[in-house]
Amino acid sequence: MELKLNPHLTPFNLEHTLQCGQVFRWKRYNDWNYGIVERHVFKVKQTKNTLEFRGVNLDFIMRYFRLDDNLPKIMAEVNRDSLIGQAIRTFSGLRIVRQSPWECLISFICATCKNIPSIKNVIHGLSNQFGEKISFDNREFHTFPTPSALAELSSQVLRDCKLGFRANFIRETAEIVDCGKMDFEALRDADYQTAKEELLQLPGVGNKVADCVLLFSLEKLEAFPVDIWMKRVFRNHYKKCFDMPFAKRLSGEQSLSSRDYDKISSFARRYFGKFAGYAQEYLYYYERAKTV
DNA sequence: CTCCAGGAAAGTC
DNA sequence: GACTTTCATGGA
């Protein structure tokens, strides 16, 4: 199957979308990108304005890659200054992906204090060991482990998966979700603040992890995750938006306190508007691209 | 060897 | 309530 994209109405860049750091489990063989979402294994490739795909139907592709988002309108709305403008031009067509909440939640709990190659390793490790094997294109893929599959593992087994101090967070969060005490559908319908407060109850979930889950899997496009890279962006470009004491804190090496986090994140929501999460993803990838 | 990574929670004042 | 320390480990 293939989809013709009008670059003016529906801009899309598969490469930027998969490489910007929001997803961890895609693989590339030859010129195809292979993804697995829930139990759907599929492959995608893009040449100019044509998106070619196998394994899933058009509705799935539209939904997963958020091709229903009016990207030109969103970009116009968040384009508030020359920095974000440059990031938008550089990574034109980058879209937020609609991930499954459970996998997104565990992925970003694992992501605390890890670099991206390391995150990919542990997520693949968990899937290969405790997920279900599915064949596609003569290759083997694995579903992401279910909540019950992770809940029944000992913390020692999880530590052997290179999870370190995150092992207990993963096990405890898996137990809570497995018991049905976390209703992702309800969170999707709830407003941003309400949904965030629910997620913050989970072990291993703080401000940043909660915002990533809200943005990437629960339709909260105003969520603005702030990590070490975004702190650098604000230190280098947005100091003047804050009072002097806070501008000085941004220059320091301390990790962000929850108050610092709220200050940056809520400013960004006012400054960039209801699609602040899109602005975050462009700025994040732009900042990272400078160093690699 | 040292430094850093898409932080969160426990501890301290 | 705000700030500091601790928590493991692979990769550069």
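In what follows, every heavy atom counts, from backbone to side chain, and hydrogens, waters and symmetry copies are set aside.
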The complete set of salt bridge (Lys or Arg N to Asp or Glu O under 4.0 Å) pairs with one or both residues in residues 272-284 of chain A, sequence neighbours excluded, reads none

Query raised in the report: Base, sugar-phosphate alone, or nothing: which one does A/Tyr284 contact when heavy atoms must sit under 4.0 Å apart?
Result: base

Applying salt bridge (Lys or Arg N to Asp or Glu O under 4.0 Å) to A/Lys114 and not counting sequence neighbours gives none

Per the under-4.0 Å heavy-atom filter, residues of residues 233-241 of chain A near DNA chain B come out as none

Contacts of A/Arg66 meeting salt bridge (Lys or Arg N to Asp or Glu O under 4.0 Å) (sequence neighbours excluded), chain-then-number -> A/Asp69, A/Glu219

Sorted by chain and number, sequence neighbours left out, salt bridge (Lys or Arg N to Asp or Glu O under 4.0 Å) with A/Arg54 holds for A/Glu52

For A/Lys239 and A/Ser251, does a side-chain donor sit closer than 3.5 Å to a side-chain acceptor?
-> yes

Sorted by chain and residue number, the ring pair (Phe, Tyr, Trp, His ring centres under 6.0 Å) partners of A/Phe216 (sequence neighbours excluded) come out as A/Phe108

Under 3.5 Å, side-chain donor or acceptor atoms of residues 6-16 of chain A against the rest of the protein: list the pairs with distances, not counting sequence neighbours.
residue : atom : partner : partner atom : Å
A/Asn6  : OD1  : A/His8  : N            : 2.8
A/Asn6  : OD1  : A/Leu9  : N            : 3.3
A/Asn13 : OD1  : A/Glu15 : N            : 3.0
A/Asn13 : OD1  : A/His16 : N            : 2.8
A/Glu15 : OE1  : A/Arg28 : NH2          : 2.7

Distance between C1' atoms of C/dA12 and B/dC1 (Å, rounded):
12 Å

Ordered by number, residues from residues 270-283 of chain A within less than 4.0 Å of DNA chain B (heavy atoms) are A/Gln280, A/Glu281

With A/Tyr34 as partner, the option from A/Trp26, A/Phe53, A/Phe42, A/Tyr29 fulfilling ring-ring contact (aromatic ring centres under 6.0 Å, His included) is A/Tyr29

Sorted by number, residues from residues 142-152 of chain A placing a heavy atom under 4.0 Å from DNA chain C are none

For A/His237 and A/Val233, indicate whether the former's side chain and the latter's backbone hold a donor-acceptor pair under 3.5 Å. no

Answer yes if the side chains of A/Arg25 and A/Ser127 hold a donor-acceptor pair under 3.5 Å, and no otherwise. yes

For a quick check of understanding: with a heavy-atom distance under 4.0 Å over all strands, which category does A/Tyr261 fall into, base, sugar-phosphate or nothing?
nothing

> Do the non-hydrogen side-chain atoms of A/Glu175 and A/Lys181 ever get within less than 4.5 Å of each other?
Replying inline: no

In B/S/- notation (B base, S sugar-phosphate only, - none; protein heavy atoms under 4.0 Å), nucleotides 6-12 of chain C written 5' to 3' is -BB-BS-

Within residues 193-215 of chain A, the residues having a heavy atom closer than 4.0 Å to DNA chain B are A/Leu202, A/Pro203, A/Gly204, A/Val205, A/Gly206, A/Asn207, A/Lys208, A/Val209

The salt bridge (Lys or Arg N to Asp or Glu O under 4.0 Å) partners of A/Asp227 (sequence neighbours excluded) come to none

- With rounding to whole Å, what would you report as the distance between C/dT6 and B/dG6 at their P atoms? 23 Å

